[in-house]
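To find a chain, count down the sequence lines: A is the first, B the second, and so on, and within it residues start at 1.
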Amino acid sequence: MCGRFTLFAGADDLGERFSVSVPAEYSPRYNVSPSQPVPLIGDDDPGRIQFRTWGLLPEWADDATEHGYINARAETIEEKPAFRSAVRRRRCLVPADGFYEWTGDRGSRQPYRVAFGDDRLFAMAGIWERWEGPRRQTGLDDFGVSGEEPAGSDGRDEPPTEVRETVAILTTAAAGPVAEIHDRMPVIFPPDREREWLDADDEERRAELLRPFEAPGFRAYRVSTAVNDPGNDEPALVEPMGS
DNA sequence: CCAGACGTTGTT
DNA sequence: GTCTGG
DNA sequence: CCAGACGTTGTT
DNA sequence: GTCTGG
């Protein structure tokens, strides 16, 4: 799965760890949730952190109010119409220093945080998408300037009325301590192979990178149910609660 | 051919 | 039960 | 992912 | 856009 995560590293640490520039709007997060902006490193501009909305909206979606896909299964991502074009041409790394998993029944969901003992940063596999709303079809621009535009234009030269950039996180079989509480987890790369994902235009190379990686040193520990509410976002959320 | 879906997770 | 919002 | 809403009318 | 179902 992976429907929540943490990224509370300082801007300097984040920039240094991934060799990227970090924009001023970056701030530490203890409960990043679907529908929110996610800091990521995209293959379109791998030298900086960008923000894209969590919930991938395919280019053919009818409107931007539809539910996006927050996860994509690594095992089938090459075949699925919703993900195929993105995995071929629009990949990204999603930096994190932990992610949350839940156990128990609805109404009493117990969250766990999975992270390295020292909370060091790692990279999750992502794909992103650009969704463009309908274009005007008037053939005139906003100031009524008559250009080369012939009447009855199909609007292809007009700017889209709305542009949304979204992201989904890839999942795979859980490995190591995560398997104790869950059967799925985000795809995580060994640090020395992260950059290959952004450059993996070949399907066999992607398959190689997407194999489950049992990150040495990962731990899962119980945290407060305050994590359940996406509106909560403070350092106390990552404090251990005891078994 | 056209119409309609296109996804993951967890839970019962 | 199912959808929407964060 | 979980939490919370889930509806209409008329009036200010 | 592209695939599946009828």
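Using a 4.0 Å cut-off between a side-chain N of Lys or Arg and a carboxylate O of Asp or Glu, A:Glu78 and A:Arg84 do not qualify as a salt bridge. Under a 4.0 Å N-O distance rule, the pair A:Asp233/A:Arg4 does not qualify as a salt bridge. A:Arg222 and A:Glu101 are not joined by a salt bridge, as no carboxylate oxygen comes within less than 4.0 angstrom of a charged side-chain nitrogen. Salt bridge annotation for A:Asp45-A:Arg52: absent, with no cationic side-chain nitrogen under 4.0 angstrom from a carboxylate oxygen.
Among the atoms of the strands shown, only primed sugar atoms or phosphate atoms (P, OP1, OP2) are found under 4.0 Å from some heavy atom of A:Gly104. Looking at heavy-atom distances under 4.0 Å, A:Ser108 makes no contact with the nucleic acid at all. Among the heavy atoms of the strands, none lies under 4.0 Å from A:Pro58. Using a 4.0 Å heavy-atom criterion, one finds that A:Ile70 contacts the bases of the nucleic acid, with or without backbone contacts as well. Among the atoms of the strands shown, none is found under 4.0 Å from any heavy atom of A:Phe5.
Residue A:His182 places no side-chain N or O under 4.0 Å from the OP1 or OP2 atom of B:dT9. A:Asn71 has no side-chain polar atom (N or O) that falls below the 4.0 Å cut-off from OP1 or OP2 of B:dT9. In this model, the phosphate group of B:dG10 is not approached by any side-chain N or O of A:Thr103 to a distance below 4.0 Å at OP1 or OP2. Contact annotation: A:Thr171 reaches the phosphate of B:dT9 (side-chain N/O to OP1 or OP2, under 4.0 Å). Residue A:Arg4 places none of its side-chain N or O atoms closer than 4.0 Å to OP1 or OP2 of C:dG6. Within the structure, every side-chain polar atom (N or O) of A:Arg73 is placed at least 4.0 Å from both OP1 and OP2 of B:dG7.
Rounded to whole Å, the P atom of B:dT11 lies 7 Å from the corresponding atom of D:dC2. Of the P atoms belonging to B:dG4 and C:dG6, the separation is 31 Å, rounded to the nearest Å.
A 4.5 Å side-chain heavy-atom check between A:Glu132 and A:Glu59 finds every atom pair outside the cut-off. Residues A:Pro186 and A:Leu170 are not in side-chain contact: their nearest non-hydrogen atoms beyond the backbone lie 4.5 Å or more apart.
Of the candidates C:dG6, B:dT9, E:dT2, the closest approach to any side-chain atom of A:Arg184 belongs to B:dT9. Picking from C:dG6, D:dC2, B:dG10 the nucleotide with the shortest atom distance to the side chain of A:Asn228 gives D:dC2. For A:Pro34, taking side-chain heavy atoms from C-beta onward, the closest of the listed nucleotides B:dT8, C:dG6, B:dG10 is C:dG6. Looking at the side chain of A:Arg109, the nearest of the listed nucleotides C:dG6, B:dG10, D:dG4 is B:dG10. Here D:dC1 is the nucleotide among B:dT9, D:dC1, E:dC3 with the atom lying nearest to any side-chain atom of A:Trp102. In this structure, the nucleotide among D:dG4, B:dT9, D:dC2 sitting nearest to the side chain of A:Pro230 is D:dC2. The listed nucleotides are B:dT9, B:dC6, B:dT8; the one nearest the side chain of A:Ala82 is B:dC6. Considering only the side chain of A:Pro81, B:dG7 comes nearest among C:dG5, B:dG7, B:dT9. In the set D:dG4, B:dC6, C:dG6, the nucleotide with an atom closest to the side chain of A:Asp229 is D:dG4.
Under the 30°/60° scheme for interplanar angles, the aromatic rings of A:Phe116 and A:Phe218 are found to lie parallel.
By the 5.5 angstrom centroid cut-off and the 30-degree plane limit, A:Tyr69 is classified as not stacked against the base of B:dG7. Here A:Tyr100 does not lie in a stacked arrangement on the base of D:dC1, lacking the combination of planes under 30° and ring centres under 5.5 Å apart.
Taking atom CG of A:Asp183 as the reference point, atom C1' of D:dC1 lies 15 Å away to the nearest angstrom. Rounded to an integer number of Å, the gap from A:Glu129 CD to E:dG1 P is 12 Å.
The side chain to side chain donor-acceptor pair (under 3.5 Å) contacts involving residues 7-19 of chain A comprise A:Arg17-A:Glu194, where partners must be two or more places apart or lie in separate chains.
At least one cation-pi condition fails for A:Arg193 and A:Phe189: the charged atom is not both under 6.0 angstrom from the six-membered ring centre and inside a 45 degree cone around its axis.
Where DNA chain D pairs in unbroken runs of 3 or more (Watson-Crick or G-U, both distances under 3.5 Å), the stems are C:1-6 with D:1-6.
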